[in-house]
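Every value quoted in this text rests on a predicted model; they were computed, and no experiment measured them. Chain letters run A, B, ... following the sequence lines, proteins first and then strands; every chain starts at 1.
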4 protein chains.
Amino acid sequence: MPAPNPRRTHSGNRRDEQARLAVLHAADDLLVEHGFNALTVEAIARRAGVAKQTIYRWWPSKVEVLLDTLIEDTAKRLPVPAQAATATDIRGYFRGFARFVTRDPAGQVLLALIAEAQHDPGTAKSLHARYLGPRRKQERDMLARAVEAGEISPSLGPDAVVDAIAGPVVYRALTGSSVPRGLVDALVDDVLRPSPG
Amino acid sequence: MPAPNPRRTHSGNRRDEQARLAVLHAADDLLVEHGFNALTVEAIARRAGVAKQTIYRWWPSKVEVLLDTLIEDTAKRLPVPAQAATATDIRGYFRGFARFVTRDPAGQVLLALIAEAQHDPGTAKSLHARYLGPRRKQERDMLARAVEAGEISPSLGPDAVVDAIAGPVVYRALTGSSVPRGLVDALVDDVLRPSPG
Amino acid sequence: MPAPNPRRTHSGNRRDEQARLAVLHAADDLLVEHGFNALTVEAIARRAGVAKQTIYRWWPSKVEVLLDTLIEDTAKRLPVPAQAATATDIRGYFRGFARFVTRDPAGQVLLALIAEAQHDPGTAKSLHARYLGPRRKQERDMLARAVEAGEISPSLGPDAVVDAIAGPVVYRALTGSSVPRGLVDALVDDVLRPSPG
Amino acid sequence: MPAPNPRRTHSGNRRDEQARLAVLHAADDLLVEHGFNALTVEAIARRAGVAKQTIYRWWPSKVEVLLDTLIEDTAKRLPVPAQAATATDIRGYFRGFARFVTRDPAGQVLLALIAEAQHDPGTAKSLHARYLGPRRKQERDMLARAVEAGEISPSLGPDAVVDAIAGPVVYRALTGSSVPRGLVDALVDDVLRPSPG
DNA sequence: GACTAATCGAGACGGTACGTCCCGTCTTCTT
DNA sequence: AAGAAGACGGGACGTACCGTCTCGATTAGTC
């Protein structure tokens, strides 16, 4: 009987994609609903209907589960524009970033991981290697294109520019303050216009 | 002149100051040496030579212990200048803040609490009520004096000004980047100079 | 105004009789109401309106508190008849003992102490020295008078006689069985009548 | 012939027999060596090389652990003779009981549980349901066979007969007195011979 | 009539055990 | 080989009492 049942069955000695997705979604949901401290491996397994061992087989820790969801969600919902080169594009990107960080569930995952990185060096390392580092590279590229095009001429270096805009946004999000749209625009104006000297 | 013995052990039904200090120092030391995740109430008690119950009697959680050390240490090592009114004073304050957050052990406590606030709403509430709120008020007052004196005329509101300068500093500290001295100065310049309009 | 307030006041450097009685009654009440395991020194102090230290000053342990109440209560409610010499007197005494052990609150104290003696050698020692020993002596004397008067001629020695009658009663009380009146009489008959030899 | 390995460590989601035995033996040893008050769940776990949770998973309290050892040990070392029908058999059984209660470590467990039953109603209930009740039924059956065979004709009912013989033995054991061999024989004689009426 | 001394209620202290939750590892049986 | 299930040794949680201690107050007997 070759016709394999597509619904909820193990696929022999291959990884079970349904289990993988169930874990990612369970982790995401638990984080949003009950916070990071309630996000235990046992709770994820319970919610996902999966054995604990299945989680430990594929992820070294709950942090890596979250990181997987963050990477997948960010690619979908907050891509760094690969062609953008104008000041307006950049402003738009950071507006999207503010929205992401304050309103998107995936933004909560990011904030939780930044927080956990502060508590655990392993998390810090992974977060940089798999998320912050690659992303920052794309952001630098975006800025470089705009500078080259003469669209902007910031007085700060590229990393400092991103930090000067993203930093306040993240800081306000971390401390539970809202991020008014005007703030992003003002930061962009302050940072990207050429220095008066 | 009875000269009450300052080195007694217990002090009856009054609080034992030596135990209080031992707990605060133990918490501080453990955080710096082994990180937040190793900072358990049991470890604090062990290190301080104190019973667990003594901790629970006076603090509802390890977070409040840290908050107490943070408040006391900040008052000593990073007071908001109460008279400051010049642009130079303000620049000096934020340079001190950057040093505090990246190099002072008490700064690590602050970062850990900001992180934990992201994981636990109770921490968030306490951190605002007992630390961030009062501190922010002093910072706003400092800025208000400088504006009144005609020293600065920022294009952003007072909270946004502080976030625009402190945000990048905290964000870089949280993500393990250094905070070059020049960055603070540049941020201050960008944010405090009058808008070009 | 010399008339000293008789209600609730310390008597200088002498022991406070009211505190003593409050402790004894609190211990008794707690045992009857909530059982031995709920009978903590803190609970006694709470219930008696007395400081813990006051208990520890006068009694080495909660067991000694109970022993004090047991001794006082037994003297009042189950004295060994000092003049008794007839078989009927003896039968009456053991009937009273069965009632004491199954229905009198002080009997519960006795059972609790016999039990605790099984758990703690110190309790065993105190219970014998202050209660079981002296009492057994009086019982032996009672039996000796009856033997001398020719009222009874048991085949067992005096200790064995008491154990043969009291033993089953205590055992049934300890295992929560009732002690029917007929049982005591039958035991007395079996044990006190001369052996057939 | 796979010959399943009997010396495995954990056995999956089935109960680990080695851990079970380690707990029973540790409890037994601790009771004998240090008494009931030193018999804490933590001490059992420590001694058995087992996690506390493993104990709580299978037993609701330390009392049930003891009860398990008592049931297993009594079955081995003091079975109620299932065929016995003569007066001599009965005398032999109660001699064995006296030895068990005064000299066998398992007898100490029984005494400790009778004692604890006095302190805690839950213990009383379990002790009856799982030990005293079933055992008493076997003892009644033994007596019934002897009566039917015309071997004995006691003046007391079957429960009273057992209590009249076992009661003094237990009582002396509980109060730390020895139980001389002659005592059991004399009790048996007094109780089992036909009443003189 | 102040002083001394012991007792009292109160409760903080260092400590042990409680019973629960979760960790990360393991073993079994099923698919 | 991967999965669900869940037992295992371990460690921390927050609570209850232990027995000791120090406090400030009250009250007797002594000088």
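Between the base of E:dG24 and the side chain of A:Lys52 there is a donor-acceptor pair shorter than 3.5 Å. Contact annotation: side chain of D:Glu42 to base of E:dC18, donor-acceptor pair absent below 3.5 Å.
In terms of the ring-ring contact (aromatic ring centres under 6.0 Å, His included) criterion, residue partners of A:His119 (sequence neighbours excluded) are, by chain and number, B:Phe36, B:His119. With sequence neighbours left out, the side-chain hydrogen bond (donor to acceptor under 3.5 Å, both in side chains) criterion links C:Thr40 to no other residue.
Taking atom CD1 of A:Ile55 as the reference point, atom C1' of E:dC23 lies 13 Å away to the nearest angstrom. Computed from coordinates, the C:Leu30 CG to F:dC17 C1' distance equals 14 Å when rounded to whole Å. Atom C1' of nucleotide E:dC13 and atom CD of B:Glu17 are separated by 15 Å, given to the nearest angstrom. Taking atom CG of B:Asn37 as the reference point, atom C1' of F:dC13 lies 15 Å away to the nearest angstrom. Put simply, CG on A:Asp120 is 14 Å from P on E:dC23, counting in whole angstrom units. Atom CZ in D:Arg15 sits roughly 20 Å away from atom C1' in E:dC29 (whole-Å rounding). Between the CZ atom of D:Arg57 and the C1' atom of F:dA5 there is a distance of 13 Å, rounded to whole Å. C:Arg14 has its CZ atom 16 Å from the C1' atom of F:dT26, to the nearest Å.
The side chain of B:Asp16 has E:dC13 as its nearest neighbour among F:dG3, E:dC13, E:dC8. Of the candidate nucleotides E:dC23, E:dC8, F:dA4, E:dC23 has the atom lying nearest to any side-chain atom of A:Thr40. Comparing E:dC23, E:dG14, E:dA10 against the side chain of C:Ala51 picks out E:dA10 as the nearest. The side chain of C:Arg46 has F:dC17 as its nearest neighbour among F:dA2, F:dC13, F:dC17.
Between the D:Ser126 side chain and the D:Thr123 main chain, no donor and acceptor come within less than 3.5 Å of each other.
Using a 4.0 Å cutoff on non-hydrogen atoms, no part of residues 59-69 of chain A comes near DNA chain F.
Taking the nucleotide of DNA chain E with the nearest heavy atom to each of A:Val41 and B:Ala19, the more 5' of the two is matched to B:Ala19. Mapping B:Gln53 and D:Tyr56 onto DNA chain E by nearest heavy atom places B:Gln53 at the nucleotide closer to the 5' end.
Applying the ring-ring contact (aromatic ring centres under 6.0 Å, His included) test to residues at least two apart or on different chains, none of the pairs has a partner in residues 50-71 of chain D. Residue pairs meeting the salt bridge (charged side-chain N to carboxylate O under 4.0 Å, His left out) criterion with at least one member in residues 113-122 of chain B: none, sequence neighbours excluded. For residues 55-70 of chain B, every residue pair satisfying the salt bridge (charged side-chain N to carboxylate O under 4.0 Å, His left out) rule, not counting sequence neighbours, is listed here: B:Glu64-B:Arg130, B:Asp68-B:Arg130.
The nearest pair of heavy atoms linking A:Val65 to A:Leu24 is O-CD2, 3.6 Å. The two residues A:Gln118 and B:Ala115 have their closest heavy-atom pair at CB-CB, 3.6 Å.
The side chain of B:Thr54 places no N or O atom within less than 4.0 Å of a non-bridging phosphate oxygen (OP1 or OP2) of E:dA12. The phosphate of E:dA12 (OP1 or OP2) has no side-chain N or O of B:Trp58 nearer than 4.0 angstrom.
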